[in-house]
Amino acid sequence: MRRVRPGTGASRGGPGSRAAGEERTLTSVAAGDSFPDRPPEEIPRLWHVTLSVSGERTPLTEVRRALEQLAHDHPFLLTSRYADDHAEIRYWEEARDLHDAAAVALRLWGEHRQTAGLPPWEIVGLEVIDRATYHQRIAAGYGPAPATPVGVHPF
């Protein structure tokens, strides 16, 4: 099964298949999809995303409820940490490249503000790293702490 973000179509063309000035189509893929006829640069990879948001103080119960709703709506979310004026969301995204993973991450908060009841905060930070870099950082004892425990937790 292949997932495509709302408002986009699935692109099957390679990196040079779009016309000059044509906007790139963002796609997300489902686990288990196979791509036997695709060149290596088009095969989706896993990216570890850390999205940081911040804004006006909001009651902690509202922030927690909203993040729990977001996690329910999108079970790919690994962990969320929150305070009354900021939050951090960590998850794995499967995408063709860093550009697609980052674009999807930058849209996550705004696209789900209404449906999950998220606070009207702005994105203040984004880190997107590939799976190998994530594991190298963890093995070296630096970088993002392992996403445990999984779920929604206060800072």
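- In this structure, Glu127 pairs ionically with Arg137, as a charged nitrogen and a carboxylate oxygen lie closer than 4.0 Å.
- The NE2 atom of His135 sits 9.0 Å away from atom NE2 of His48, with the distance rounded to the nearest 0.5 Å.
- For the residue pair Thr58 and Pro119, the shortest heavy atom distance occurs at OG1-CB, 3.9 Å.
- Leu108 contributes atom CG, which lies 12.5 Å from atom CZ of Arg113 (distance to the nearest 0.5 angstrom).
- When every heavy atom of Leu126 is checked against every heavy atom of Ala105, the shortest pair comes out as CD1-CB, 3.7 Å.
- In this structure, Asp100 and Ala95 approach most closely via the heavy-atom pair CB-CB, 3.9 Å.
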Discussion item. Run the salt bridge (charged side-chain N to carboxylate O under 4.0 Å, His left out) test on Arg45 and Asp97 for me, step by step, so that the C-alpha distance in whole Å, both residues' side-chain angles and the decisive distance to 0.1 Å come before the verdict.
Written reply: CA-CA 7 Å; Arg45 296 167 39 195; Asp97 57 27; over 6 Å; no
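- For the pair Asp84 and Arg57, the tightest heavy-atom approach, listed with the atom from each and the gap, is OD2-NH1, 2.7 Å.
- Atom OH in Tyr91 sits 9.5 Å away from atom CG in Leu70 (nearest 0.5 Å).
- Here the straight-line distance linking atom CD1 of Ile123 with atom CZ of Arg107 works out to 11.0 Å at 0.5 Å rounding.
- Expressed to the nearest 0.5 Å, how far CZ of Arg65 lies from CG of Leu118 amounts to 8.0 Å.
- The side chain to side chain contact (heavy atoms under 4.5 Å, CB included) test with Ser54 singles out one residue from His86, Glu122, Glu88, and that residue is His86.
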Practice prompt. Begin with the C-alpha distance, continue with both residues' side-chain angles, and end with the deciding distance and a verdict on ring-ring contact (aromatic ring centres under 6.0 Å, His included) for Tyr134 and Trp47.
Written response: CA-CA 9 Å; Tyr134 176 82; Trp47 302 91; over 10 Å; no
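- Side-chain contact check for Arg64 versus Pro154: some heavy-atom pair is nearer than 4.5 Å.
- The aromatic rings of Trp109 and Trp121 sit parallel to each other, their planes meeting at less than 30°, with 60° as the upper class boundary.
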Worksheet item: Run the side chain to side chain contact (heavy atoms under 4.5 Å, CB included) check on Trp92 and Val49 step by step: do they pass?
Response: CA-CA 6 Å; Trp92 289 96; Val49 176; over 6 Å; no
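- Val53 has its side chain out of reach of Val124: every pair of non-hydrogen atoms, C-beta onward, lies at least 4.5 Å apart.
- With values rounded to the nearest 0.5 angstrom, His112 atom NE2 is found 13.0 Å from Leu67 atom CG.
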